[in-house]
Amino acid sequence: MNILLIGSGGREHALAWKMGQSPSLPRLYCAPGNAGIGEIAELVPIKATDLDALLTFAREQSIDLTVVGPEQPLTQGIVDLFESNGLKIFGPSKAAAKIEGSKIFAKTFMKKYSIPTAEFRTFNVSQRFDAERYINEIPVPIVIKADGLATGKGVTVCETKEQALEVLELMMDKKVFGEAGTNVVIEEFLVGEEASVFAITDGKDFVTLAPAQDHKRILDNDQGKNTGGMGAYAPTPIVDDEMLSKIKRTIIRPTLLGLAKEGHPYKGCLYVGLMITQTGPKVVEFNCRFGDPETQVVLPLLENDLVRLMLDAIEGRLSKTKIVMKKKTSICVVIASGGYPDEYQTGKQIIGLDAVSSEPDVIVLHAGTKKEKDNIVTAGGRVLGVTALGAQDDLEGTIDKAYRAVEKITFDGAYYRSDIGKKGVDYLKRLQRVEVQ
Ligand code: AMP
Ligand code: GLY
């Protein structure tokens with residue numbers, strides 16, 4: 001079987017790593033990939049957004065299955081294009097991918113189908129003054145979101161009304177996110193613990209993988225700017241079985257039913273970004289793809305053959321699928337280039353990869369890396385993700401294992417958070433205290 005994977009980050013390395021273990025022994029291609037993916041797949045120098053070139057490649061190489069990592073090609077309509085050419089592809093159609101591509105669409109959809117989410121209002125460019133008035137009426141903190149895709153930077157949590165008005169001006173007048181930010185969602189700030197759940201769906205039936213928790217801010221203790229994600233762990237105790245059942249019943253099922261009813265059945269991986277609040281789970285965002293870095297902790301826990309699972313989703317066979325997750329815990333620490341998420345340098349030689357390659361239960365997943373002669377050098381903001389697996393009841397030990405490996409890898413300006421997984425450890429300690437009382 002020939003598989004084409006699209007994308008070049010840590011998520012894609014995790015997808016390639018897991019698909020590479022499939023009993024179907026696939027031949028893997030990845031466009032454009034990175035140095036780590038290049039060890040297990042043939043790299044193809046085509047950009048993830050160049051749909052025509054990807055289609056030509058898939059036809060010429062008789063690709064049996066295409067798997068899309070990032071959101072851009074999905075919102076551009078790669079699934080529609082490939083399917084109309086008779087090619088199998090894992091992901092949602094352009095219309096269904098709008099659940100990530102337009103926050104106004106997602107919020108309006110959630111309201112229509114009574115899916116729990118933060119209270120909000122939407123404003124288009126001609127409603128600039130209504131937006132200002134709304135900001136003056138509601139309590140702080142206020143969350144302002146650009147409608148369109150803004151590479152994870154389109155959301156600001158504003159602590160004061162002045163800041164909210166400034167953000168509005170930046171988005172609507174100064175167009176810092178271009179057209180993506182001229183229309184906005186202004187919403188209530190939700191208090192609680194964040195978690196992410198992946199639902200793999202064929203448009204009708206779905207299965208969920210282990211719930212994870214991401215760490216989006218650049219600095220320890222969730223301080224500093226938002227990033228693409230600085231680390232994750234799974235399964236998170238914040239979403240226990242009872243909570244997961246509630247999320248399926250009140251969020252995932254009505255979302256899939258609603259999208260089908262709207263004429264856009266959703267196939268692929270639906271990423272449900274949640275806030276677990278005092279009044280139950282609420283949707284912070286939907287993504288139309290696997291999350292990064294959550295994939296780097298969730299897939300190493302998955303027993304099922306991922307290739308089979310994706311084909312079952314494409315071919316509408318998920319009603320018979322049973323997901324088995326390993327009874328283990330996993331954590332991923334992202335090593336980033338100094339300066340990220342702002343400007344950073346690239347081309348720095350990475351040292352120490354060999355030292356960890358043979359460590360049991362440690363997987364180094366590449367994100368922004370490339371091969372230069374015999375060296376592997378940095379080529380992006382998030383450079384590597386180091387995933388460690390450990391016993392199910394030993395999150396603390398697994399965290400230590402990951403950091404021991406992280407400390408062996410270095411490059412000029414390397415930066416990582418030192419508290420990945422701590423929120424899970426603290427949560428478990430709080431639970432134990434409540435149980436003792
Ligand atoms: P998003 O891109 O919508 O996931 O937002 C990025 C991050 O901003 C989220 O991961 C949350 O940490 C935070 N955020 C977004 N919306 C809210 C909200 N309504 N209340 C609290 N935090 C939020
Ligand atoms: N981890 C957040 C995302 O994938 O969007």
Side-chain angles (χ1 to χ4, degrees), residues 7 9-12 14-15 68-72 74-75 97 99-107 110 116-122 138-159 164 167 177 180-181 184-198 209 211-219 221-234 236 238 269-279 281-299 332 334 341 365 367 381-382 385 420 423:
R11 162 185 53 209
E12 287 76 18
L15 285 163
V68 190
E71 62 276 15
Q72 290 88 349
L74 294 166
T75 55
I99 199 99
E100 172 167 4
S102 165
K103 296 219 188 254
I104 293 183
F105 171 82
K107 295 291 293 193
M110 284 189 265
T117 188
E119 288 296 327
F120 72 100
R121 275 187 58 189
T122 65
I138 57 174
V140 289
I142 295 168
V143 184
I144 305 189
K145 303 186 171 188
D147 176 42
L149 294 180
T151 59
K153 295 184 185 153
V155 174
T156 312
V157 176
C158 308
E159 300 296 338
V167 169
F177 301 121
V184 298
V185 172
I186 302 182
E187 71 178 30
E188 163 203 19
F189 178 76
L190 295 174
V191 178
E193 287 277 1
E194 277 189 76
S196 337
V197 175
F198 298 162
L209 308 186
Q213 189 173 41
D214 187 9
H215 297 63
K216 287 214 169 91
R217 304 292 189 102
I218 185 71
L219 303 173
N221 300 312
D222 289 343
Q223 302 294 308
K225 289 192 175 169
N226 258 325
T227 70
M230 293 301 293
Y233 69 95
T236 174
I238 290 154
C269 175
L270 178 70
Y271 170 120
V272 188
L274 298 150
M275 191 71 81
I276 310 300
T277 73
Q278 290 285 343
T279 55
K282 294 188 177 174
V283 176
V284 173
E285 65 165 343
F286 285 119
N287 290 324
C288 62
R289 44 150 180 98
F290 286 96
D292 189 337
E294 290 95 328
T295 305
Q296 292 91 306
V297 289
V298 171
L299 291 186
C332 173
V334 169
L365 295 162
R382 290 188 292 175
I420 303 301
K423 283 191 276 189

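Because the structure is predicted, anything quoted here is derived from the model rather than measured. When a ligand or atom number is given, it counts from 1 through the structure's own listing order. Side-chain atoms are counted along with the backbone in the values below, which use heavy atoms only and exclude waters and symmetry mates.
At least one heavy atom of G228 sits less than 4.0 Å from an atom of ligand 2. Contact annotation: G229 has no heavy atom less than 4.0 Å from any atom of ligand 2.
Close contacts between ligand 2 and K216 involve ligand atoms 2 (C) [criterion: under 4.0 Å to a heavy atom]. Contact atoms of ligand 2 toward D214: 1 (N), 2 (C) (distance under 4.0 Å to a heavy atom of the residue). Heavy-atom proximity to N287, at under 4.0 Å, picks out these atoms of ligand 2: 3 (C), 5 (O). Ligand-side atoms of ligand 2 in range of G291: 4 (O), range being under 4.0 angstrom from any heavy atom.
Contact annotation: for F290 versus ligand 2, there are no heavy atoms closer than 4.0 Å.
Scanning both residues, C332 and V297, for their nearest heavy atoms gives N-CG1, 3.3 Å. Closest approach of A97 and T75 over heavy atoms only: O-CG2, 3.9 Å.
Proximity of I138 to E188: side-chain heavy atoms (C-beta onward) are nowhere separated by under 4.5 Å. Proximity of K103 to V155: side-chain heavy atoms (C-beta onward) are separated by under 4.5 Å at one or more points. No side-chain heavy atom of C269 sits under 4.5 Å from any side-chain heavy atom of R289.
In this structure A180 satisfies the side-chain contact (heavy atoms from CB on, under 4.5 Å) test together with F177, sequence neighbours excluded. Residues meeting the side-chain contact (heavy atoms from CB on, under 4.5 Å) test with E194, sequence neighbours left out: K216, M275. Every residue meeting the ring-ring contact (aromatic ring centres under 6.0 Å, His included) condition with F198, not counting sequence neighbours, appears here in chain and number order: Y271, F290.
The distance criterion of under 3.5 Å between nitrogen or oxygen atoms is not met by R11 with respect to ligand 2. Taking distance alone, with nitrogen or oxygen atoms compared against 3.5 Å, E294 approaches ligand 2 more closely than that limit.
The main-chain N or O of G229 is never found under 3.5 Å from a side-chain atom of D214 such that the two would form a donor-acceptor pair.
R289 NH2, 3.0 Å is the protein heavy atom nearest to atom 5 (O) of ligand 2.
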Passes side-chain contact (heavy atoms from CB on, under 4.5 Å), L219 versus R217? Steps please.
CA-CA 6 Å; L219 303 173; R217 304 292 189 102; 5.9 Å; no
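Salt bridge status for E285 with K145: absent, with no side-chain N to carboxylate O gap under 4.0 Å.
At a 4.0 Å heavy-atom cut-off, the residues surrounding ligand 1 are K103, A118, V143, K145, V155, E187, E188, F189, L190, E194, K216, N226, M275, V284, E285, listed by chain and number.
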